[in-house]
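I have placed the structure first, in the form of structure tokens, so that the comments after it can refer back to it.
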There are 2 protein chains.
Amino acid sequence: MSHVPGLIQSIERSSAVLRLLAAGRLRVKEIADALDLPKSTAHSILRTLEHVGFVEQDTRTARYRLGRGLLELGEDGLDLNELRGRALNWADALAARGGEEVRIGALRDGHVVVVHHVFRPDDSVQSLDTGHLLPPHATALGKVLLAYNAPAVEVAVRAGLEAYTRRTLTLPRDLARSLTETRERGWSLSVEEWEAGRAGIAAPVRSFGGLVVGAIGVSGPVERLCDTRRQARPALVEHVTATARAITRDLAGS
Amino acid sequence: MSHVPGLIQSIERSSAVLRLLAAGRLRVKEIADALDLPKSTAHSILRTLEHVGFVEQDTRTARYRLGRGLLELGEDGLDLNELRGRALNWADALAARGGEEVRIGALRDGHVVVVHHVFRPDDSVQSLDTGHLLPPHATALGKVLLAYNAPAVEVAVRAGLEAYTRRTLTLPRDLARSLTETRERGWSLSVEEWEAGRAGIAAPVRSFGGLVVGAIGVSGPVERLCDTRRQARPALVEHVTATARAITRDLAGS
DNA sequence: CGGCACGTGCGACATTGTCGCACGCAGCCC
DNA sequence: GGGCTGCGTGCGACAATGTCGCACGTGCCG
């Protein structure tokens with residue numbers, strides 16, 4: 001079997017599997033025979049492709065076929081209801097443990113769509129925020145989503161970075177620096193960039209292969225989220241990032 | 001980064017890359033940032049996806065986009081002219097070294113399409129066979145192609161295995177056994193199954209990930225191709241399989 | 001009912017994928 | 001125009017992961 005050094009053999013093999021399945025439905029054994037691979041190897045490839053949605057198996061016939069995730073490649077494979085369903089209990093726990101209001105969101109058409117919102121446990125008057133759109137460049141949720149989505153940054157910059165407060169980042173260079181910091185630390189911070197007196201901390205939620213499909217964040221008064229130097233409180237950062245990791249693990253197990 | 005044990009991480013990552021590119025054209029750095037991967041790792045994935053035709057790069061902008069190999073997944077990514085172009089010199093060399101006529105073929109719509117035909121070096125009267133269709137189940141070329149294509153076997157069996165000689169394999173079980181042997185040894189043999197007094201030996205030509213995209217074979221009188229027990233002569237088998245491997249390496253380098 | 005073939009999953013270890021580093025090139029700014 | 005920065009590409013060491021033999025359970029066939 002002639003494999004070119006420097007190329008990733010397992011990816012080449014997976015491409016061959018997809019090509020075979022594009023021509024018709026096949027069983028593990030047939031794929032293994034076609035590629036002269038041991039059954040176990042073929043099965044590992046198929047299991048992975050199935051997991052990422054590129055392949056599906058008919059349980060009755062055991063035959064594999066191309067999956068919706070590949071046929072509809074433009075969709076990011078995770079709809080907002082599924083994100084909400086997977087993340088909402090973790091969001092409730094974060095609100096309880098962190099003591100601040102929590103939102104889960106995703107980028108859609110250049111905006112942050114809030115798919116779940118948890119009030120701050122002690123507060124009595126809140127406006128439920130689900131379905132609302134937030135500006136990506138000024139909110140912590142939005143900034144962490146932009147950090148991993150270069151085209152969305154370009155769109156936002158081209159549309160102009162609107163100033164919501166005097167602290168909103170309105171220069172492309174400033175936004176880019178903030179997003180680079182976000183990537184380096186793995187979480188974002190917004191201090192009075194969206195609303196005066198309020199801050200937010202958010203972390204990414206990832207899907208297969210590391211794809212960012214959403215974010216979870218807390219928000220509240222600056223003096224509760226930040227220390228005297230307007231830096232995020234480490235304990236709260238840890239709660240947010242740990243929760244994001246838990247949701248990511250939950251999604252990976254699907 | 002949450003990766004599930006038992007799944008192939010590099011395949012998951014490649015699926016994430018494809019999803020990112022389905023949403024827009026991106027540079028290496030942007031993909032690396034989106035997935036929190038080192039640039040080199042992202043580059044290795046892209047290079048592989050490019051090699052198998054799933055991704056293409058715009059040399060002017062350095063941006064990557066989805067490639068024709070993925071957008072047109074039903075095509076096996078190798079057209080017959082390209083197979084011919086890559087294989088014809090090797091076929092000529094095989095005819096010179098093996099002393100028998102050589103054909104290169106591929107499966108199309110249940111038939112073997114001969115894409116290149118080399119006369120036996122010593123013969124003066126030959127009919128050029130290019131473009132001709134051969135029955136897959138009775139020829140060595142066809143049997144080696146069927147050995148790696150389970151759906152094509154099903155089609156042939158369903159259509160009925162026509163007897164061309166009294167030695168043609170007409171029972172599905174007999175054909176299946178012959179194809180299993182073919183896979184086990186890596187080459188096929190046909191002794192008077194297509195034409196009385198003539199035999200053929202053939203080996204598969206493979207593309208990326210091990211996909212069989214064609215075959216090369218020799219044919220001639222039984223007494224020249226086989227020993228007294230009607231088994232293939234080892235020296236000729238070696239010539240055929242070595243040539244198939246050389247063409248496969250040639251294709252891999254593309 | 002027994003034998004066989006298949007799909008699935010586990011785990012050892014050899015192979016391969018990962019990724020830091022270096023380099024060349026292009027673009028930008030002073 | 002030169003220096004700096006960032007990017008894309010490729011090399012090679014080695015740690016991590018992919019490979020794959022084996023075992024098991026299930027279903028089918030004679």
Side-chain angles (χ1 to χ4, degrees), chain A residues 1-17 25-52 55-65 150 153 172-173 176-177 179-180 183-184 209-210 253, chain B residues 1-17 21 25-52 55-65 150 153 172-173 176-177 179-180 183-184 209-210 252-253:
Chain A
M1 172 49 214
S2 185
H3 162 64
V4 184
L7 298 181
I8 301 172
Q9 182 177 218
S10 57
I11 294 179
E12 281 189 276
R13 284 176 169 168
S14 70
S15 79
V17 170
R25 300 170 177 212
L26 296 167
R27 311 172 67 122
V28 178
K29 180 75 163 71
E30 291 167 339
I31 289 165
D33 286 345
L35 303 176
D36 251 345
L37 293 178
K39 271 196 304 182
S40 287
T41 305
H43 183 248
S44 293
I45 294 169
L46 285 162
R47 184 171 51 194
T48 304
L49 290 172
E50 186 178 25
H51 194 73
V52 303
V55 155
E56 289 164 5
Q57 187 181 29
D58 182 325
T59 51
R60 186 177 54 88
T61 62
R63 285 179 183 272
Y64 288 86
R65 63 182 182 264
V153 179
R173 184 194 307 150
R177 186 182 301 119
L179 300 184
T180 298
R183 283 195 298 274
E184 284 165 358
Chain B
M1 172 48 214
S2 184
H3 162 64
V4 184
L7 298 181
I8 301 172
Q9 182 178 222
S10 57
I11 294 178
E12 280 189 276
R13 284 177 169 166
S14 71
S15 80
V17 169
L21 292 177
R25 301 171 177 212
L26 296 167
R27 313 174 65 124
V28 178
K29 179 77 163 71
E30 290 167 338
I31 290 165
D33 285 347
L35 303 177
D36 251 344
L37 294 177
K39 271 197 303 182
S40 287
T41 305
H43 183 246
S44 292
I45 295 168
L46 285 162
R47 186 171 49 192
T48 304
L49 289 171
E50 186 176 26
H51 194 73
V52 302
V55 156
E56 290 164 5
Q57 187 182 27
D58 183 326
T59 51
R60 188 177 52 86
T61 62
R63 286 179 183 272
Y64 287 86
R65 62 181 183 263
V153 180
R173 184 194 309 149
R177 186 182 302 116
L179 301 184
T180 298
R183 284 196 297 274
E184 284 165 357

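Letters A, B, ... are given to chains in the order of the sequence lines, protein chains preceding strands, and every chain is numbered from 1.
- The base of dG21(D) is paired with the side chain of S40(A) by a donor and an acceptor separated by under 3.5 Å.
- In terms of modelled atom types and a separation under 3.5 Å, the side chain of R63(A) and the main chain of R25(A) share a donor-acceptor contact.
- Considering only side-chain N and O atoms, S44(A) lies nowhere under 4.0 angstrom from the phosphate OP1 or OP2 of dT19(D).
- Between the CG atom of L46(B) and the C1' atom of dC19(C) there is a distance of 15 Å, rounded to whole Å.
- The nearest whole Å value for the distance from the NZ atom in K39(A) to the P atom in dA5(C) is 10 Å.
- Protein atom NE2 of H51(B) is 13 Å distant from nucleotide atom P of dG17(C), rounded to whole Å.
- Interface remark: the S10(B) side chain does not form any donor-acceptor pair with the dG18(D) base, using a distance-only criterion of under 3.5 Å.
- Between E12(A) atom CD and dT16(C) atom P there is a gap of 12 Å when expressed in whole angstrom units.
- If you measure from atom NZ of K29(A) to atom P of dT8(C), you get 14 Å, rounded to the nearest angstrom.
- Using a cutoff of 4.0 Å between basic side-chain nitrogens and carboxylate oxygens, R183(A) and D33(B) are scored as salt-bridged.
- In this structure, CD1 of I45(A) is placed 15 Å from C1' of dG7(C), rounded to the nearest angstrom.
- Among the heavy atoms of the strands lying under 4.0 Å from Q57(B) are primed sugar atoms or P, OP1, OP2 only; no base atom is included.
- I31(B) has its CD1 atom 20 Å from the P atom of dG6(D), to the nearest Å.
- Comparing dG7(C), dT18(C), dC19(C) against the side chain of Q9(B) picks out dT18(C) as the nearest.
- Taking atom CZ of residue R47(A) and atom C1' of nucleotide dT19(D), one finds them 12 Å apart after rounding to whole Å.
- In this structure, L7(A) CG and E50(B) CD are separated by 10.0 Å, a value rounded to the nearest 0.5 Å.
- For the residue pair A16(A) and L35(A), the shortest heavy atom distance occurs at CB-CD2, 3.8 Å.
- One finds no side-chain N or O of R13(A) lying less than 4.0 angstrom from the OP1 or OP2 phosphate oxygen of dG18(D).
- Proximity of H43(B) to the phosphate of dG8(D): no side-chain N or O atom is located under 4.0 Å from OP1 or OP2.
- Mapping T61(A) and I11(A) onto DNA chain C via the closest heavy atom, the residue that lands nearer the 5' end is T61(A).
- Each of R173(B) and Y64(B) was matched to the nucleotide of DNA chain D holding its nearest heavy atom; the match closer to the 5' end belongs to Y64(B).
- Place L37(B) and R27(A) on DNA chain C by their nearest nucleotides, and R27(A) ends up nearer the 5' end.
- Within the 4.5 Å cutoff, the side chain of Y64(A) has heavy atoms near those of the L46(A) side chain.
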